[in-house]
Amino acid sequence: MSVTYDDSVGVEVSSDSFWEVGNYKRTVKRIDDGHRLCNDLMNCVHERARIEKAYAQQLTEWAKRWKQLVEKGPQYGTVEKAWNAVMSEAEKVSELHLEVKASLMNEDFEKIKNWQKEAFHKQMMGGFKETREAEDGFRKAQKPWAKKLKEVEASKKAYHAACKEEKLAVSRENNSKADPALNPEQLKKLQDKVEKCKQDVLKTKEKYEKSLKELDQGTPQYMENMEQVFEQCQQFEEKRLRFFREVLLEVQKHLDLSNIASYKNIYRELEQSIQAADAVEDLRWFRANHGPGMSMNWPQFEEWSADLNRTLSRREKKKASDGVTLTGINQTGDQALPTKHSSVSSYEKTQSYPTEWSDEEANNPFSSTDANGDSNPFDEDATSVTAVRVRALYDYEGQEHDELSFKAGDELTKIEDEDEQGWCKGRLDNGQVGLYPANYVEAIQ
């Protein structure tokens with residue numbers, strides 16, 4: 001074991017063994033590492049809690065947006081309820097993930113933080129009390145043995161130097177015997193040198209062996225003292241390892257939603273809602289509310305009246321309750337649902353028929369003098385508005401030839417106010433003019 005020992009400076013370690021002077025420092029460093037690992041575990045839990053919160057928020061936002069789209073879209077009946085059940089699942093799961101976030105932060109994070117505070121005690125001059133105690137314990141246990149080891153190293157060095165000197169003296173003596181130029185007196189000096197070196201070798205060897213013997217005698221006590229301090233460090237580390245295992249198990253329980261009854265119920269209810277979707281029932285409802293099952297004010301003979309000669313404006317025709325319209329849907333049937341804007345075509349949303357009509361060209365509301373179809377006989381009294389720039393909130397794909405199509409974020413110009421059925425007229429930047437749902441855009445501030 002070739003080492004040098006200095007109480008104040010430390011040691012230069014030449015071996016990786018724990019028993020080498022100074023190698024106990026790895027065990028001492030483990031205490032500081034334990035404190036840092038507590039911080040790492042808290043950061044790990046904290047980051048996961050942030051992920052749970054962000055996921056919960058994304059689920060809520062997704063559910064809210066798609067609920068609005070489904071409600072405003074053309075889907076109806078039991079399939080609509082099944083579709084909405086998917087968004088309800090997201091909202092319920094979002095609540096569970098918020099509970100996971102709360103458990104991670106309020107229970108697991110705080111538990112680690114409190115344990116760390118109780119296990120590690122900071123000193124005024126820096127470092128931890130536990131680290132200093134372990135350092136002092138190892139140094140005290142190692143100091144007597146290290147002192148003897150230093151003596152062994154010194155005696156070994158002296159012995160090896162004496163052996164080297166003896167070898168040189170013998171070599172000179174042998175060389176002098178072959179040199180006739182040397183006188184007897186010089187030869188005698190060389191021989192005396194050899195003899196002296198041999199005595200030095202014997203003395204240093206004896207001292208070296210004695211110091212080794214003393215070191216060997218002190219080794220058992222040294223090992224016992226080092227073992228005692230090491231076991232104290234082991235017990236401290238064992239507490240940390242067991243605590244980490246306990247905390248990680250609690251984290252696992254908080255993250256595992258599969259064992260929560262309410263989580264299983266969410267998907268049981270979702271499955272039931274989807275299974276309840278009935279195509280036959282939805283078709284029956286649509287027939288009763290938007291098909292041949294609807295009631296109808298069939299044309300009847302009416303006496304002439306001067307008021308009927310008056311040309312009705314587009315807005316007045318929408319308000320007329322006696323007129324025959326394609327968009328006037330009477331709620332009949334067993335399960336009538338509220339009429340949605342997109343349940344009928346855009347042409348029906350913007351057009352209504354007068355009570356009197358004729359095949360003659362002059363009185364046909366479908367006739368147009370404009371080849372492009374831009375003029376509408378029902379728009380003769382429509383109120384003009386100042387063009388307003390608007391931005392699309394959602395994607396919209398036109399269902400009829402007179403509807404606009406755009407993507408969320410696109411900008412266009414509103415050239416006519418929203419009508420009573422929720423449709424506006426607008427113009428895209430490419431010049432196309434058409435209709436779009438008013439609630440799909442917002443005004444640009």
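The model shown is predicted, which means the values in this text are computed figures rather than measured ones.
- Taken from CG in L435 to CD in E400, the straight-line distance is 10.0 Å, to the nearest 0.5 Å.
- Checked by atom type and distance alone, the side chain of N43 pairs as donor or acceptor with a backbone atom of N39 at under 3.5 Å.
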Report task. Show the numbers, then the answer: is there a salt bridge (charged side-chain N to carboxylate O under 4.0 Å, His left out) between R284 and E281? Result -> CA-CA 5 Å; R284 189 195 66 76; E281 174 62 23; 2.9 Å; yes
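- Contact record, I266 with K92: CD1-CB, 3.5 Å, taken as the closest heavy-atom pair.
- Without hydrogens or angle criteria, S94 side chain to A56 main chain gives a donor-acceptor distance under 3.5 Å.
- With rounding to the nearest 0.5 Å, the separation of CD in Q142 from NZ in K140 is 14.5 Å.
- Judged by distance alone, with hydrogens and angles left aside, the side-chain atoms of E237 form no donor-acceptor pair with the main-chain N or O of I31 at under 3.5 Å.
- Taking the six-membered ring where the residue is Trp, Y24 and F138 present parallel rings, their angle staying beneath 30° rather than reaching 60°.
- Salt bridge status for K67 with E71: absent, with no side-chain N to carboxylate O gap under 4.0 Å.
- Note on ring orientation: taking the six-membered ring where Trp is involved, the planes of Y263 and Y267 are perpendicular (angle over 60°, cut-offs 30° and 60°).
- The shortest distance between side-chain heavy atoms of E91 and M87 does not fall below 4.5 Å.
- Applying the 6.0 Å contact sphere to CD of Q234 captures more than 12 heavy atoms from other residues, nucleotides or ligands.
- Under the 4.0 Å criterion applied to side-chain N and carboxylate O atoms, D282 and K81 are not assigned as salt-bridge partners.
- Aromatic ring pairs are classed by plane angle as parallel below 30°, tilted from 30° to 60° and perpendicular above 60°; the pair Y222 and W145 is parallel.
- When atom types are taken as modelled, the side chain of D256 and the backbone of Q252 share no donor-acceptor pair closer than 3.5 angstrom.
- With salt bridges taken as basic N to acidic carboxylate O contacts below 4.0 Å, one links R36 and D40.
- Across R427 and L404, no two heavy atoms sit closer than the pair N-CD1, 4.3 Å.
- At least one donor-acceptor pair closer than 3.5 Å links the side chain of E403 to the backbone N or O of Q399.
- Remark: R240 qualifies as a cation-pi partner of F244 under the 6.0 Å distance and 45° angle criteria applied to the six-membered ring.
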Requested in this report: Decide yes or no on salt bridge (charged side-chain N to carboxylate O under 4.0 Å, His left out) for R26 and D16, but give the supporting numbers first.
Outcome: CA-CA 11 Å; R26 291 176 301 189; D16 199 39; 2.9 Å; yes
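- Taking NZ of K117 as the start and SG of C38 as the end, the distance is 14.0 Å to the nearest 0.5 Å.
- Each of K129, R30, K25 was compared with E135 under the salt bridge (charged side-chain N to carboxylate O under 4.0 Å, His left out) criterion, and only K25 meets it.
- Note that CZ of F120 is 8.0 Å distant from CG of D32, once rounded to the nearest 0.5 Å.
- Taking the six-membered ring where the residue is Trp, W285 and Y76 present parallel rings, their angle staying beneath 30° rather than reaching 60°.
- Between E238 and R242 there is a salt bridge, since at least one side-chain N of the basic residue sits less than 4.0 Å from a carboxylate O of the acidic one.
- For K156 and E153, the salt-bridge test passes: some basic side-chain N is under 4.0 Å from an acidic carboxylate O.
- The line from SG of C424 to OH of Y436 is 4.5 Å long, rounded to the nearest 0.5 Å.
- The number of heavy atoms from other shown groups lying within 6.0 Å of CH2 (W115) is above 12.
- The closest donor-acceptor contact from the side chain of S103 to the backbone of E99 lies under 3.5 Å.
- Here the shortest heavy-atom pairing between T413 and R389 reads OG1-NH1, 2.9 Å.
- By the 4.0 Å N-to-carboxylate-O rule, K29 lies close enough to D33 to be salt-bridged with it.
- We find the CG-CG distance between L393 and D410 to be 11.5 Å, quoted to the nearest 0.5 Å.
- More than 12 heavy atoms of other shown residues, nucleotides or ligands fall within 6.0 angstrom of atom NZ in K111.
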